[in-house]
2 protein chains.
Amino acid sequence: MHDDSEANRQLQVYHALRQALLDGELQPGQRLKIRDLAEHYAASTMPVRAALQRLVAEGALRSAPQRSVQVPVLRREEYQQLLSVRLALEPMAAAQALPRLTPDERAALGALVQRMASALSQQDAAGYLRGNADFHLRLYRACGNPVLLRLIEGLWLQVGPVFTQLFNDQRLHAGLNAAHEAAWKALQADDSPALARAIHDDLADCGELLAHLLP
Amino acid sequence: MHDDSEANRQLQVYHALRQALLDGELQPGQRLKIRDLAEHYAASTMPVRAALQRLVAEGALRSAPQRSVQVPVLRREEYQQLLSVRLALEPMAAAQALPRLTPDERAALGALVQRMASALSQQDAAGYLRGNADFHLRLYRACGNPVLLRLIEGLWLQVGPVFTQLFNDQRLHAGLNAAHEAAWKALQADDSPALARAIHDDLADCGELLAHLLP
DNA sequence: ATTGACTTTTTGTGATCACAAATTCAAGAA
DNA sequence: TTCTTGAATTTGTGATCACAAAAAGTCAAT
């Protein structure tokens with residue numbers, strides 16, 4: 001149990017907004033106004049300001065000077081740039097994580113693969129996406145390289161909004177889980193290169209699927 | 001000419017602090033206090049607060065809740081984590097940049113390699129380091145991938161302080177420029193893989209040199 | 001001298017006000 | 001209607017005050 005007592009108000013707001021982004025509760029292009037959020041979170045404008053500025057600094061939100069913060073609308077080109085960086089970092093993190101996984105974490109990852117499969121068969125997009133984020137980030141968190149992990153989490157925060165939105169009105173096909181099954185096999189075989197390859201394929205497949213849906 | 005009119009006070013302070021970090025004017029471990037900086041930059045506490053929080057969000061500064069922000073002191077382990085990510089990203093950026101370089105930029109890069117060589121022969125550590133940062137970042141800026149560039153600049157901001165500090169009382173040997181000469185050769189030959197390899201070697205050499213000087 | 005508790009000062013965080021720039025809205029002209 | 005124009009409102013940014021937590025300083029006791 002990590003003692004996130006949430007000391008500061010601005011940290012509470014920050015984490016709330018962060019989760020909202022990952023959960024796709026914020027539409028791309030939506031404008032986030034300080035006073036509105038302050039009212040919504042029952043806070044003063046000050047912590048909200050700080051939280052927004054932090055998210056902007058992390059690239060999760062965009063803001064022009066003197067203008068409202070808004071959740072980024074990714075054009076195809078930007079999305080592919082994001083993807084190319086993820087392809088460089090995430091397989092690496094996965095490979096480094098594999099030998100460091102505890103039995104508990106392995107079991108949790110296996111359960112997530114299974115949960116994603118059942119979510120797919122039930123056309124439960126939200127469930128699949130939550131499982132997908134859990135699976136990847138939980139795996140990467142074991143990589144033992146906080147710097148790398150920090151970058152990856154920042155990238156997920158940037159892809160989050162489009163990622164969830166685009167799947168909502170998209171027919172889900174079972175092939176989406178193939179790469180995860182391959183990753184799970186590599187995981188059980190303690191085969192780091194195969195795991196890296198599986199993660200790479202997962203990102204590339206899913207990336208291509210989304211890329212041609214963007215403006 | 002890019003119209004950096006520096007609209008906001010907080011942006012001015014941010015860029016000033018950022019440059020101070022890259023130039024090694026801030027010692028690792030040094031505490032940055034809001035009111036002191038406000039006085040130094042003839043600003044109110046508000047823009048300074050925002051600038052500091054942004055730098056913290058980017059990883060360039062550290063802060064525990066309710067405590068002063070301070071320039072990070074990197075232990076060897078953290079430095080190597082930073083290095084391993086840089087090794088994944090910077091050669092990639094260099095390779096993508098090569099075919100996009102204009103003749104002007106090529107010439108500027110060549111001049112920088114030469115300037116670094118002469119700085120080395122004169123034991124001018126500061127000049128060498130400035131040239132080094134200029135060379136790398138100018139090269140990467142041509143990569144055409146803003147996402148990638150942003151991450152790399154963030155990483156340089158994090159290594160900046162130790163980088164400059166450690167070289168100041170260190171004898172400079174000419175071998176430090178070997179990788180840059182190799183990069184310059186690859187650049188003239190339009191050989192992207194060779195350029196990527198040269199950048200990789202540069203980081204690795206310089207990284208190893210610094211790693212065993214850290215606590 | 002060194003450690004410990006206590007007091008004083010410093011410092012980050014939150015709240016509120018002021019203001020200029022940006023946005024929205026409405027009325028009028030084509 | 002569609003576009004323009006100008007007033008009215010909203011909204012980000014900066015300034016200042018208040019307060020609790022942290023740091024620094026003080027001094028007595030061992």
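As the structure is a prediction and not an experimental result, all values here were calculated from the model. Below, read A as the first sequence line, B as the second, and so on, with proteins coming before strands; counting in each chain starts at 1.
- Applying the salt bridge (Lys or Arg N to Asp or Glu O under 4.0 Å) rule to R62(A) yields the partners E78(A); only residues at least two apart in sequence or on another chain are considered.
- Summarising the geometry, the separation between CE on M46(A) and C1' on dT11(D) is reported as 15 Å, rounded to the nearest angstrom.
- Under the rule for a side-chain contact (heavy atoms from CB on, under 4.5 Å), the partners of Q66(A) that lie at least two apart in sequence or sit in another chain are N8(B).
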Side-chain polar contacts of residues 42-55 of chain B - donor-acceptor pairs under 3.5 angstrom, sequence neighbours left out - could you list them?
| unit_1 | atom_1 | unit_2 | atom_2 | d |
| --- | --- | --- | --- | --- |
| S44(B) | OG | M46(B) | N | 3.1 |
| Q53(B) | NE2 | Q10(A) | OE1 | 3.4 |
| R54(B) | NE | E58(B) | OE2 | 3.2 |

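- Cation-pi contact between R106(B) and W184(B): absent, since separation from the ring centre below 6.0 Å together with deviation from the ring axis within 45° is not met.
- Listed nucleotides: dT11(C), dA15(D), dT11(D). Nearest to the side chain of K33(B): dT11(C).
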Under 4.0 Å protein heavy-atom contact, by nucleotide of nucleotides 17-24 of chain D - B base, S sugar-phosphate only
-----SS-

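- In this structure R100(A) satisfies the salt bridge (Lys or Arg N to Asp or Glu O under 4.0 Å) test with no other residue, sequence neighbours excluded.
- Between the two ends of the helix from dA1(C)-dT30(D) to dA30(C)-dT1(D), each summarised by a five-pair axis, the helix axis turns through 30° (rounded to 10 degrees).
- Applying the salt bridge (Lys or Arg N to Asp or Glu O under 4.0 Å) test to E39(B) and every residue at least two apart in sequence or in another chain returns nothing.
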Distance-only donor-acceptor pairs under 3.5 Å for side chains of residues 126-152 of chain A, two or more places apart:
| unit_1 | atom_1 | unit_2 | atom_2 | d |
| --- | --- | --- | --- | --- |
| Y128(A) | OH | L176(A) | O | 3.3 |
| N132(A) | OD1 | H136(A) | NE2 | 3.3 |
| N132(A) | OD1 | H180(A) | NE2 | 3.0 |
| H136(A) | ND1 | Y140(A) | OH | 2.9 |
| H136(A) | NE2 | H180(A) | NE2 | 3.3 |
| H136(A) | NE2 | D202(A) | OD2 | 2.7 |
| Y140(A) | OH | E90(A) | OE1 | 2.5 |
| R141(A) | NH1 | E153(A) | OE2 | 2.5 |
| N145(A) | OD1 | V147(A) | N | 3.2 |
| N145(A) | OD1 | L148(A) | N | 3.2 |
| N145(A) | ND2 | S84(B) | OG | 3.2 |
| R150(A) | NH2 | A57(B) | O | 2.7 |

Taking distance alone, no hydrogens or angles, what donor-acceptor pairs closer than 3.5 Å link side-chain atoms of residues 24-34 of chain B to residues at least two apart or in another chain?
| unit_1 | atom_1 | unit_2 | atom_2 | d |
| --- | --- | --- | --- | --- |
| Q30(B) | OE1 | Q27(B) | N | 3.1 |

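- Heavy atoms of L32(B) sit under 4.0 angstrom from primed sugar atoms or phosphate atoms, though from no base atom.
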